[in-house]
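On a predicted model such as this, the values are computed, not experimentally measured, just so you know. All values below were derived from every heavy atom in this structure, side-chain atoms included, with hydrogens, water molecules and symmetry-related copies excluded.
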Amino acid sequence: MAFLRFQLLALLCLTGALEVFVRSPQKAQVGSDVLLQCTFSVTSPPVDPKFLAILWRYKDDIILRYDTKGLAHHPRVSFNGREAKTGNASISVANISLRDGGIYKCTVIYSPQTKNEEIALEILVPPVIRIPNKVATKGEHKTLLCSATGFHPSIINITWMRDGDKVLTDSQLGKTQRNDDGSYSVNSTVTIMPDSNHKNQSFTCRVHHDALHDPLEESFQLVYKDAKWNRIIVICGAVILVMIGVILFIFISRKLKNLRKAPGRFKLNDIKWPEKLVDGEEIILYCIGSNCAENTQVTWLEQRGSDEPEIIRPSSGQVEEEEALLDRSYEICDNREGFRSYSSRLRFIFSLEKHKGVKFICRFTSDNETLEKHFHCKPVYAKPSLVDRVKTSLCVSGEILYSLRLDGLYPRDIQILWTCVTGERQEIISSEEQLVEYSPLTFSVCSEARITEKVFTDPTCKVRVTWEHGSMDQPQSREMSILDPDFRWTPVVEAIQTPRLFHGSPIDLECKISEYFPDALTVNWLIIKDGSEEETSLPENMFHMKSKRESDLTYSCSTILTDLPSLETHQGVEYICRVQHPSMKTHIETRTGKLRVMAKPHPVEPIEMTLGDNSRVQFYLNLQGFYPKDIEITWDSEDGKYRYLLSPTNTVTRGKDQTFNVSSVCAVLGPLFINPQYRISVQWKHESLDVPEVRSWTWRDLPWRPLMEDIIIPELEAGKEAALTCKFSGYFPDSPSVRWIKKEKGNETEVKLPTDDYKVLYSKSNEATDKTFTQVARLIFNPHLERDQGAEFICRVTHPTLEEPIEKRTGPLLTEYMKKPQISDITPTQDGMFELKVDGFYPGDIDISWIQRAESSGDQWQTLNPYSGNIRRNTDGTCSMTSVCEYYGGNKDKEKYILMAIVKHKSLESPEQKTLRLESDNGKLKPERKLLPFL
Ligand SMILES: *[C@@H]1O[C@H](CO)[C@@H](O)[C@H](O)[C@H]1NC(C)=O
Ligand SMILES: *[C@@H]1O[C@H](CO)[C@@H](O)[C@H](O)[C@H]1NC(C)=O
Ligand SMILES: *[C@@H]1O[C@H](CO)[C@@H](O)[C@H](O)[C@H]1NC(C)=O
Ligand SMILES: *[C@@H]1O[C@H](CO)[C@@H](O)[C@H](O)[C@H]1NC(C)=O
Ligand SMILES: *[C@@H]1O[C@H](CO)[C@@H](O)[C@H](O)[C@H]1NC(C)=O
């Protein structure tokens, strides 16, 4: 299927594609140049010159031939090969003469198709009028004659008028006569009765003709003469004319007799040929025979090398044009030239390939006599044709390489000269030529010249290449200049990236220029201030330029302008990057367009918050130093489900340097922040900001964090109710949570406080002037030496504004706690037994020792061994103990003894002593009876 479609397409391309259009008929004034318009179109432009041939014929002549081999045409025909490639096959015929009228045929061959169109050209030649006789004989009828001659075409109107405007209706137009040159003549007559008074009358002969823009006319005064003299003159004239005629007749008849009598020898002149034979040009060979008989026959033959000569058969007019054009075609035209002279003309388009080394033979046969003349095709030439134009490319070594290619020349000798022309000065540039065989017969030459970069920095310099070849009448040349419109390396300027200008911040503008050569670029930066037309050049120290060679060998350059825009001086400024290069007559430039200077708003941070009446939180957003004035500030809040727009109070004020400040105040109910999802945000949009700026707050961002004071610890005493005070303040919102925690001695785990033993009391207030809250949490308990000894209490506070809870610690309590023992007196219990009670001491280590002495024995104390009972624990953690001592005293009766108990305890600075005086009575010791003072 696809294949089929392709075929169909190919068929469409090849058939019905070529169309030829002409304008016909056309008219042309004799002596003018006429453009014979013939255009064509192909379905798939552009036209490929490989398949194109154009042929123009007039009558039997080919007046133009244009094909792959080149262009051949009649000298009066001009044609533009470049136009042909765009579908314009028109020709122009110069200096039109009357013989040029008729049918022209425009043939376009776009291989394999051929199309013809005909153009009828009518030649317009204006008439010339003449009135031969302006004299009338008195009293006789007069026939006035107006003769119009040499006009074309034949249609003509002639009118007669008397005295300017009276049309004479009885005029007679004679028979139109055709002249030898193809033009026409006609007579118009009118017969008038002369005026009775013989008054001179005026007559006008007026001629209308196509070749005339305005009618042509001639007026004259009819003059009356007397009759007699006229007749005499006419008779004399006639007599003289008859005599001249007789003399002439005698003379001519004698001459003719002489000619007939001496016929002379049949003779053939050398073939006449053009000076040179150039490929593709029309050649005419003339062969003239004299004294030829009536039955003279002419044959042309051609002979290749040593082959047998072949008779040339002229191509008939009916041959397909294509064949006639592309194949060799000969035209033979035989003519009798005057009396017994015979000429034959062989006309053909010379082709180097076909005709090189060919010998043409002209053979006349007259009265069984045959004469031949030979002509060797020599010298033969083929014209070099410039392939494309002169090509240019860049060399790594920094030169421009010019290369010229000429194809199809023969013979190979050619002179190519490159010069560098600057004004009057010419300098020869060395070049290199390379010859290659192009087709079996012709040559192709490439010439290359290198021109240094420096030469081109002078735009007046031109590079000229001239070539001269035997086939050409005069040398041809081409001139290239850096200013040529097709110079390939003119700079290209990229648009400047339009910047945003900010007040007080430096800006870099980059202008990139590329694809140029040579490296002779001038860049200027200019500035146009707002409201002014004036361009100001910026000083060179404000920008810098860097050029480099690209991989394609052209140069590129980047220039960067650094400026410091300010609101006062740069508002509406336009920057221009202007570039000049030798390859351009004028500069090129790129502009930024008018630029606005802006200034970005700067928030005063941190954004201030205060607590107001009725638990309101107020936010103060201060944005400073922005320009222009328009700014959009939006406050909103959301609670996890809904958004609410808030209405702030905005106040715009003038800042410094033409900038503006705005203060936006927004208040929200503080308790809303207790919802952890509650969020308040503010957004400001300004032209100078690419994206709006946003700030938002949740309870975590509020600045009012609780501050804790150290825990107040009173003097602790076992068993005596005490309160630990934990105070924190300065927080908002009112949603703290506080916990008391205990850490027992030697144990790191936190213990929950049993509510039976520990009570917590809270008291709250927000009396602070800054509207923040304060709370006091008291832990009330009875310190217990066993339970609370060394324990630590922690007061821990959590608040939404805190990421981590904060706490205060008491440190280990009651570590160094001591209590003094309550020591009883020594009491005798039973015979020989004494008891000492020690109670309420802490810690439990206690040392009780007993000693005794007899009073008489001076200071001689003796130690006793007591029974010390176990230490008992009391409910509040203190200890008690009873020490018992057995003592019986000595053998002496009535002896007095002293018993002493010494208690040593950590809480006592010095050991405490208890004494009991004893006396012996009947072998038993009894406490000494004290003598009452009054006894
Ligand atoms: C065709 O080319 C001729 C020159 O050869 C020019 O004068 C004429 O205007 C061209 N016609 C069109 C239609 O381009
Ligand atoms: C034009 O052609 C006529 C003959 O037809 C000739 O006399 C005349 O010189 C030519 N004019 C030009 C400018 O060639
Ligand atoms: C016009 O008249 C003149 C004079 O009689 C004569 O010589 C000429 O041939 C005439 N021309 C035509 C076209 O009849
Ligand atoms: C007519 O013209 C002729 C010649 O110019 C002149 O001699 C004659 O006086 C004129 N006659 C009149 C009546 O104008
Ligand atoms: C000649 O006259 C006829 C009739 O008056 C008119 O139709 C024709 O167009 C005229 N021709 C010229 C060339 O003026």
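The side-chain hydrogen bond (donor to acceptor under 3.5 Å, both in side chains) check on Ser90 picks up Asn88, with sequence neighbours excluded. By the ring-ring contact (aromatic ring centres under 6.0 Å, His included) test, Tyr184 pairs with His152, sequence neighbours left out. Under the rule for a side-chain hydrogen bond (donor to acceptor under 3.5 Å, both in side chains), His376 has no partner lying at least two apart in sequence or in another chain. A search for side-chain hydrogen bond (donor to acceptor under 3.5 Å, both in side chains) contacts involving Arg347 returns Asp61, Glu331, not counting sequence neighbours. The ring-ring contact (aromatic ring centres under 6.0 Å, His included) search around Tyr342 returns none, not counting sequence neighbours. A search for side-chain hydrogen bond (donor to acceptor under 3.5 Å, both in side chains) contacts involving Arg76 returns Asp100, not counting sequence neighbours.
We find the CD1-CD1 distance between Ile349 and Ile62 to be 6.0 Å, quoted to the nearest 0.5 Å. Summarising the geometry, atom CD1 belonging to Ile131 is positioned 10.5 Å from atom CG belonging to Asn133; distances are rounded to the nearest 0.5 Å. Atoms CG and NE2, on Asp270 and His374 in that order, are 11.0 Å from each other to the nearest 0.5 Å. Rounded to the nearest 0.5 angstrom, Asp334 CG and Thr296 OG1 are separated by 10.0 Å.
Judged by distance alone, the side chain of Trp56 and the main-chain N or O of Ala89 form a donor-acceptor pair under 3.5 Å. With Ser366 contributing its side chain and Ala293 its backbone, the two residues share a donor-acceptor pair below 3.5 Å. Formation of a donor-acceptor pair under 3.5 Å by the Lys115 side chain with backbone atoms of Leu18 is found in this model. At least one donor-acceptor pair under 3.5 Å links the side chain of Arg304 to the backbone N or O of Lys354. Under the 3.5 Å distance criterion, the side-chain polar atoms of Ser24 are matched with a main-chain donor or acceptor of Ala120. Gln113 contributes no side-chain N or O that, together with a main-chain N or O of Glu19, makes up a donor-acceptor pair within less than 3.5 Å. The backbone N or O of Asp181 sits nowhere less than 3.5 Å from a side-chain atom of Asn179 that would complete a donor-acceptor pair. Not one N or O on the side chain of His209 forms a donor-acceptor pair closer than 3.5 Å with the backbone of Ile158. A distance-only check finds a donor-acceptor pair linking the side chain of Tyr110 to the backbone of Asp48 [under 3.5 Å]. Side-chain N or O atoms of Glu218 include none that pairs as donor or acceptor with a backbone N or O of Arg130 at under 3.5 Å.
Residues Thr370 and Arg363 are in side-chain contact: their nearest non-hydrogen atoms beyond the backbone lie under 4.5 Å apart. Taking the side chain as every heavy atom from C-beta outward, Gln415 and Leu417 never approach each other to under 4.5 Å. Contact check for Asn269 versus Tyr286: no side-chain heavy atoms found under the 4.5 Å cut-off. Under the 4.5 Å side-chain criterion, counting only non-hydrogen atoms from C-beta, Leu36 is not in contact with Ser92. Taking 4.5 Å as the limit, some side-chain heavy atom of Thr114 sits within range of a side-chain heavy atom of Thr107. A 4.5 Å side-chain heavy-atom check between Ile119 and Gln26 finds at least one atom pair inside the cut-off. At least one side-chain heavy atom of Ile54 sits less than 4.5 Å from a side-chain heavy atom of Phe40. In this structure, the side chains of Asp210 and Ile155 stay at 4.5 Å or more apart for every pair of heavy atoms.
By the 6.0 Å contact criterion, CG on Asp307 is enclosed, its count of non-hydrogen atoms from other residues, nucleotides or ligands being greater than 12. The neighbour count for Glu479 CD, taken as heavy atoms of other residues, nucleotides or ligands under 6.0 Å away, is above 12. Within a 6.0 Å radius of CD in Gln297, no more than 12 heavy atoms belonging to other residues, nucleotides or ligands are found. Environment of CD in Gln434: sparse, with no more than 12 heavy atoms of neighbouring residues, nucleotides or ligands closer than 6.0 Å. The environment of Ile428 atom CD1 is sparse: at most 12 non-hydrogen atoms of other residues, nucleotides or ligands sit within 6.0 angstrom.
For the residue pair Ile271 and Cys287, the shortest heavy atom distance occurs at CG1-SG, 4.1 Å. Residues Ile332 and Trp300 approach most closely at CD1-CD1, 3.8 Å, considering heavy atoms. Closest approach of Cys377 and Phe360 over heavy atoms only: SG-CE1, 3.4 Å. Between Cys362 and Leu268, the shortest heavy-atom distance links the atoms O-CD2, 4.0 Å. Closest approach of Leu98 and Val30 over heavy atoms only: N-CG2, 3.9 Å. Minimum heavy-atom separation, Asp407 to Arg405: OD1-NE, 2.8 Å.
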task = List the steps, then state whether side-chain contact (heavy atoms from CB on, under 4.5 Å) holds for Leu277 with Leu352.
result = CA-CA 8 Å; Leu277 305 179; Leu352 189 66; over 6 Å; no
message = Between Glu433 and Ser447, is the side-chain hydrogen bond (donor to acceptor under 3.5 Å, both in side chains) condition met? List the steps.
response = CA-CA 4 Å; Glu433 272 79 50; Ser447 177; 2.5 Å; yes
query = Checking side-chain contact (heavy atoms from CB on, under 4.5 Å) for the pair Thr299/Ile312: CA distance, chi angles, key distance, verdict?
reply = CA-CA 8 Å; Thr299 320; Ile312 295 172; over 6 Å; no
request  = Show the numbers, then the answer: is there a side-chain contact (heavy atoms from CB on, under 4.5 Å) between Leu404 and Trp418?
outcome  = CA-CA 10 Å; Leu404 165 88; Trp418 294 83; 3.8 Å; yes
task = Evaluate side-chain contact (heavy atoms from CB on, under 4.5 Å) for Leu216 paired with Phe151, printing each intermediate quantity in order.
result = CA-CA 12 Å; Leu216 189 68; Phe151 56 90; over 6 Å; no
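For Tyr58 and His74, the gap between ring centers reaches or exceeds 6.0 Å. Note: Phe79 and His73 fail the aromatic proximity criterion, with ring centroids not under 6.0 Å apart.
In summary, of the residues considered (Phe350, Phe348, Phe375), a ring-ring contact (aromatic ring centres under 6.0 Å, His included) with Trp273 occurs for Phe375 alone. Of the residues listed (Leu406, Val387, Leu409, Val436), the one engaging Ser444 in a side chain to side chain contact (heavy atoms under 4.5 Å, CB included) is Val436, and it is the only one.
A salt bridge links Lys276 to Asp473: one of the charged nitrogens lies within less than 4.0 Å of a carboxylate oxygen.
A perpendicular orientation is assigned to the rings of Tyr381 and His469, their planes being inclined by more than 60° (bins at 30° and 60°).
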